[in-house]
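Data first, discussion second: the structure below is written as structure tokens.
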Amino acid sequence: MTDISQNITEVQQRIVAAAEAVNRDPVEITLLAISKTRPIEDIVAAITAGQQHFGENYLQDALAKITELENDYPNLEWHFIGAIQSNKTSDIAKHFSWVHTVERLKIAQRLNDQRPENLSPIQVCIQVNISNEESKAGIPTEQVMALATEIAELPNLKLRGLMAIPAATKEPAEQRKAFAALRTLYEQLNQKGFALDTLSMGMSGDLEAAVAEGSTLVRIGTAIFGARA
Ligand SMILES: *Cc1c(COP(=O)(O)O)cnc(C)c1O
């Protein structure tokens with residue numbers, strides 16, 4: 001059995017070490033536990049170890065878990081990190097506090113329109129195809145400013161930042177190059193007057209490179225819960 005509590009401690013130590021290596025304060029970095037495909041027991045083990053933020057990308061699977069846990073653990077924050085089709089926006093708007101994978105205005109508008117009135121705005125990141133991969137989700141760098149401008153007009157969304165999944169590589173210098181490109185874009189947006197505070201970048205295999213380049217939120221699955229089946 002995987003020792004989830006132990007793994008969370010180790011991931012937190014990796015974050016601290018990576019932050020200190022570049023003179024950053026580790027408290028600037030949020031650990032998002034990616035619990036997609038994991039059973040409820042694994043999530044409860046992580047909660048018991050103090051974990052509060054969870055990310056999911058399969059909607060039906062996520063809704064079952066959120067519903068099951070909401071009474072016992074009302075303070076959890078659920079982050080949607082998967083591809084979004086139009087027919088999913090209503091459930092996402094009702095059940096998630098964060099969405100990291102916004103890449104089209106139409107989807108942003110639907111999330112805005114469908115956010116229940118009694119809930120605070122959805123915290124949103126724009127997903128950027130930072131490595132310009134044919135098959136990858138996210139919008140091209142050149143289109144981010146326009147989409148950000150439109151999202152900023154939507155009252156039930158709060159634009160927090162940018163998210164990317166760079167092309168997979170084990171080469172730290174290559175990892176850093178992609179993350180640096182996302183950070184540059186983020187800084188350009190803030191120079192234009194956006195008040196972004198979130199760079200959602202870094203996963204189990206590249207969190208050190210992401211933290212070195214300014215990540216404020218790392219999305220960690222495997223290093224917490226073990227290899228996915
Ligand atoms: C699955 C997933 C992760 C976690 O990846 P690991 O390599 O298991 O840490 C992070 N971000 C997104 C968008 C994912 O889908």
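We number each residue from 1, following the sequence as shown. As the structure is a prediction and not an experimental result, all values here were calculated from the model. In listed order, ligands and their atoms are each counted from 1.
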Report, in ascending order of atom number, the atoms of ligand 1 lying under 4.0 Å from any heavy atom of N57. 15 (O)
Provide the number and element of each atom of ligand 1 under 4.0 Å from a heavy atom of I220. 9 (O)
Could you pull out, from R228, H100, Q127, K36, the option with a heavy atom nearest to atom 2 (C) of ligand 1? K36
Output the distance between atom CD1 (I84) and atom CG (L111), rounded to the nearest 0.5 Å. 5.5 Å
The reported gap from CD in Q123 to NZ in K158 (rounded to nearest 0.5 angstrom) is 7.0 Å
Can you name the nearest heavy-atom pair linking S131 to P166, along with the distance? OG-CA, 3.5 Å
Distance to 0.1 Å, residue and atom name: give those for the protein heavy atom nearest to atom 12 (C) of ligand 1. I81 CD1, 3.6 Å
Per-atom contacts of ligand 1 with M163, taking only distances under 4.0 Å to non-hydrogen atoms: 13 (C)
Note the single closest protein heavy atom to atom 11 (N) of ligand 1, along with its residue, its atom name and the distance in Å. R219 NE, 2.9 Å
Is E187 paired with R183 through a side-chain N to carboxylate O contact shorter than 4.0 Å? yes
Please write down residue, atom name and distance for the protein heavy atom closest to atom 8 (O) of ligand 1. T222 OG1, 2.5 Å
Spacing of CD belonging to E56 relative to CD1 belonging to I43, to within rounding of 0.5 Å: 5.5 Å
Just to confirm my output: which protein heavy-atom neighbour is closest to atom 10 (C) of ligand 1, and how far is it? M203 SD, 3.2 Å
Partner of T89 by side chain to side chain donor-acceptor pair (under 3.5 Å), out of R110, K94, K106, Q109: R110
Begin with the C-alpha distance, continue with both residues' side-chain angles, and end with the deciding distance and a verdict on salt bridge (Lys or Arg N to Asp or Glu O under 4.0 Å) for K65 and E68. CA-CA 5 Å; K65 295 176 194 176; E68 189 165 337; over 6 Å; no
Among protein heavy atoms, which lies nearest atom 9 (O) of ligand 1, and at what distance? S204 OG, 2.5 Å
Pull out every atom of ligand 1 sitting under 4.0 Å from any heavy atom of I165, numbered as shown with elements. 13 (C)
